[in-house]
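Below is one structure, written out as structure tokens; comments come after it.
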Amino acid sequence: MNIINSLTQSISRALKELYAIEQAPDGIVLQDTRREFSGDYTLVVFPYVKQARKSPEAVAAEIGAYVQSNLDLVSGYNVIKGFLNFEVADSYWLQFVAGGAADTSFGLKSTDPEAAPVVVEYSSPNTNKPLHLGHIRNNLLGWSVSQLLAAAGANVKKVNLVNDRGIHICKSMLAWLRYGNGETPESTGIKGDHLVGKYYVEFDKHYKAEVKQLMESGVEEEQAKKDAPLMVEAQQMLKHWEDGDPEVRALWERMNGWVYAGFDETYRRLGVGFDKVYYESNTYLLGKELVQKGLDMGVLFRKDDGSVWCDLTADGLDQKLLLRRDGTSVYMTQDLGTALLRHNDFGAERLIYVVGNEQDYHFKVLKLILGKLGFSWADKVYHLSYGMVELPNGKMKSREGTVVDADDLIDEMEQTAAEMSREHGKNDELSADEQQHLYHILALGALKYFILKVDPTKNMLFNPAESIDFNGNTGPFIQYTHARIRSIVRKAEEGRATLDFSKISLNDKERAVVKILHALPATIQAAAEAYSPAMVANYAYDLAKAYNSFYQDTPILREEDAVTKEFRVALCQFVANALKNTMNILGIEVPERM
RNA sequence: GGCUCCUUAGCUCAACUGAAUAGAGCAUCUGACUACGGAUCAGAAGGUUGCAGGUUUGAAUCCUGCAGGAGUCACCA
């Protein structure tokens, strides 16, 4: 049994027997004893002193004595003010290592494929331009949270909702017709999504010129923006698209096809994927029936001009439009529809949307309206709201050319990784292909770790010039630690035997590593509850750091005592497995050598 | 302007639901290569946790006010 559960149960009994305090074991919080004090786990007794009617020192001493006499695994305790520090017997740690070292899935729960799934939507790109740094955070988070929830036992389904229709795509299409000269990804060698993005920019350029011209001839800015011939034509094209005009549809399919090929390539390089892909062109009409239902139920109302609204003023919000006066739907209408579709498709236990915090308001409203429409599962909708990625000079702005392109960034990372590897690496015997693969996983390890180690809810700063490092608290640091361990374990592989570790005594560095390993399952559980890959990333770093410190001044293969040596090799193996599993949750591969 | 979120070392980030002297990395300085892999390790220096109050035995964490920043408040998505 887990020592922490044993402790909290024993403490719970102690509180009851000594002071008649009813405190369930779950409610008792143990924290890791701070380094400067001796002990492994600490109970803060202040919350109980009032009821116990004794001094903090007395309460701590009495609980300590009770627990030690009732739990063999507690080898001692000490009291400092109101802090009761428990010492756990080495025998417990040794048994833990003996049992877990060879468990390649340590810390990971198995999933029941029959369980109601947790559906995670992420990525959800527009098809008019390539992916950039903001999308990278979204994709890495979406993938990692999916891995994390799966590691905590959830049956995860990853979905993508591609925004493949709308005025923005028509802009690219129109510009391509006008100025494209029949260019294709094949004819130009330009990746499909970038080619389409190029024409989106091209549209904007010519459109701006038209607006400027109109304004110079005396038209108001707002009117000019509506009247510019290119905009009028794009609107017409959208209408033709909605009417199913074969020519427009054919062009749309062709250009979207280029974009999908480009996206697939970027997804592949990022190492992310989906169980199901939805297309907005199939779902954008959904939701209208829901609006009708809402009208019938009386939770929505129609204004004189025919538009339909939901009144949320009672919830402290405004009125929200759900159907335009021409009867067409808006974003919210579609999202109501797709939520229902997804709920029906999966019978989901939870519907998670990985979407930036700029849409906090949207999701608040979405949940409210779903509730008003009578869907009991409205509270299963969870908006995983993440912070913006900022650049040193503020937000990314395509007009100012400050957008960090996803493909460019990966390219640069791979180049840097290659340079670093040639400088430091021990991979001369690798083939050219293997080296390329290594550079790739190091590059992505650095990038992914850099982004995922930050609390998802917080905005983060990304400095392209100097942000990504390969030393210190980085992905490659952890990858390096893994490679180094694997090197040791490979060398130790001959003549390994299962020996009885029970006579060993642990040194401080060993104990520190074992305690961190011991905390892995609880860490994954807590991280999953918080939807925070950052907690996993920080864990992996703590473990690697503690291991490196242990490694530095403790002989392993050089150790002469066979049992101690075998124990240390087992500990190495254990750490390697834990690093591999935690990095895998982050979507990061760990190499055998680097 | 209304609402929401944020502000921790020079910089980038930690600190689980309030707990002991607020921790890492980068940058700076000093040590460790006769190596189980130095992409490492050991150490130094660096803080009035934006400011002012309050609650509490105890506050970076909870409450109020203020300052600064971000987001949002579309018949865009």
Side-chain angles (χ1 to χ4, degrees), chain A residues 27 29 31-37 42 44-47 49-50 56 80-83 85 124 126 163 166-168 280 303 305-309 316-318 321-326 328-332 334-335 356-362 364 385 387-388 390 392 394-395 420-421 423-426 442 450 453-455 457-463 466-467 469-474 476-481 483-489 491-492 522-523 526-527 529-530 532 534-535 537-538 541-542 544-545 548-559 565 568-569 572 593-594:
Chain A
V29 180
Q31 49 189 277
D32 293 340
T33 302
R34 293 178 64 104
R35 271 194 301 270
E36 55 267 41
F37 302 100
T42 296
V44 180
V45 302
F46 290 116
V49 297
K50 208 169 204 174
I80 297 171
K81 294 190 287 182
F83 299 89
N85 302 319
S124 304
N126 293 344
N163 183 359
I167 189 72
H168 41 289
E280 207 183 280
K303 286 192 178 175
D305 64 3
S307 58
V308 177
W309 298 73
L317 305 175
D318 289 331
L321 177 87
L322 290 177
L323 285 183
R324 297 188 184 98
R325 63 169 162 249
D326 63 4
T328 55
S329 57
V330 294
Y331 181 45
M332 181 62 72
Q334 296 170 35
D335 254 16
N357 62 13
E358 60 206 346
Q359 295 196 35
D360 284 355
Y361 183 77
H362 173 79
K364 204 171 174 181
S385 165
M388 312 263 89
E390 285 160 5
K395 279 191 80 172
M420 297 290 285
S421 272
E423 194 180 325
H424 297 284
K426 298 201 165 190
L442 293 178
F450 184 84
K453 77 173 176 184
V454 181
D455 181 339
T457 65
K458 292 187 178 170
N459 287 2
M460 63 175 293
L461 185 85
F462 186 91
N463 186 335
E466 51 193 62
S467 275
D469 207 335
F470 285 67
N471 300 314
N473 186 359
T474 67
F477 169 88
I478 298 166
Q479 289 170 316
Y480 173 78
T481 304
R484 193 159 67 169
I485 296 173
R486 290 297 305 151
S487 170
I488 290 173
V489 174
K491 284 176 184 162
T523 301
E529 283 166 17
S532 175
M535 289 170 69
N538 288 320
Y541 175 67
D542 287 341
K545 198 170 157 54
N548 283 332
S549 181
F550 151 77
Y551 166 90
Q552 198 71 19
D553 53 22
T554 311
I556 300 167
L557 298 179
R558 286 184 312 222
E559 170 59 41
K565 175 178 168 182
R568 289 179 180 160
V569 171
C572 288
R593 46 178 61 101
M594 63 187 271

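Please read all numbers here as calculations on a predicted model, not as lab measurements.
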Using purine N1 to pyrimidine N3 plus N6-O4 or O6-N4 for Watson-Crick, or N1-O2 and O6-N3 for G-U wobble, both under 3.5 Å, which nucleotide pairs with [N]?
N      : answer
B:rG68 : B:rC6
B:rG38 : none
B:rA20 : none
B:rG25 : B:rC11
B:rG46 : none
B:rC62 : B:rG54
B:rA74 : none

Establish whether the base of [N] is bridged to the side chain of [X] by a donor-acceptor pair shorter than 3.5 Å.
X      : N      : answer
A:T42  : B:rA20 : yes
A:D305 : B:rC75 : yes
A:S549 : B:rA42 : no
A:D455 : B:rA15 : no

Starting the side chain at C-beta, find the nucleotide from B:rC41, B:rC73, B:rA14 nearest to A:Y361.
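Looking only at side-chain atoms, A:Y361 lies closest to B:rC73.
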Interatomic distance, A:E529 CD vs B:rU17 C1' [rounded to whole Å]
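To the nearest whole Å, that distance equals 11 Å.
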Touch class at under 4.0 angstrom, heavy-atom based, for A:S532 against every strand present
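Nothing, no heavy atom under 4.0 Å.
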Side chains of A:I485 and A:Y551 in contact at under 4.5 Å (non-hydrogen atoms)
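A side-chain contact is absent here, since even the closest heavy-atom pair is not under 4.5 Å.
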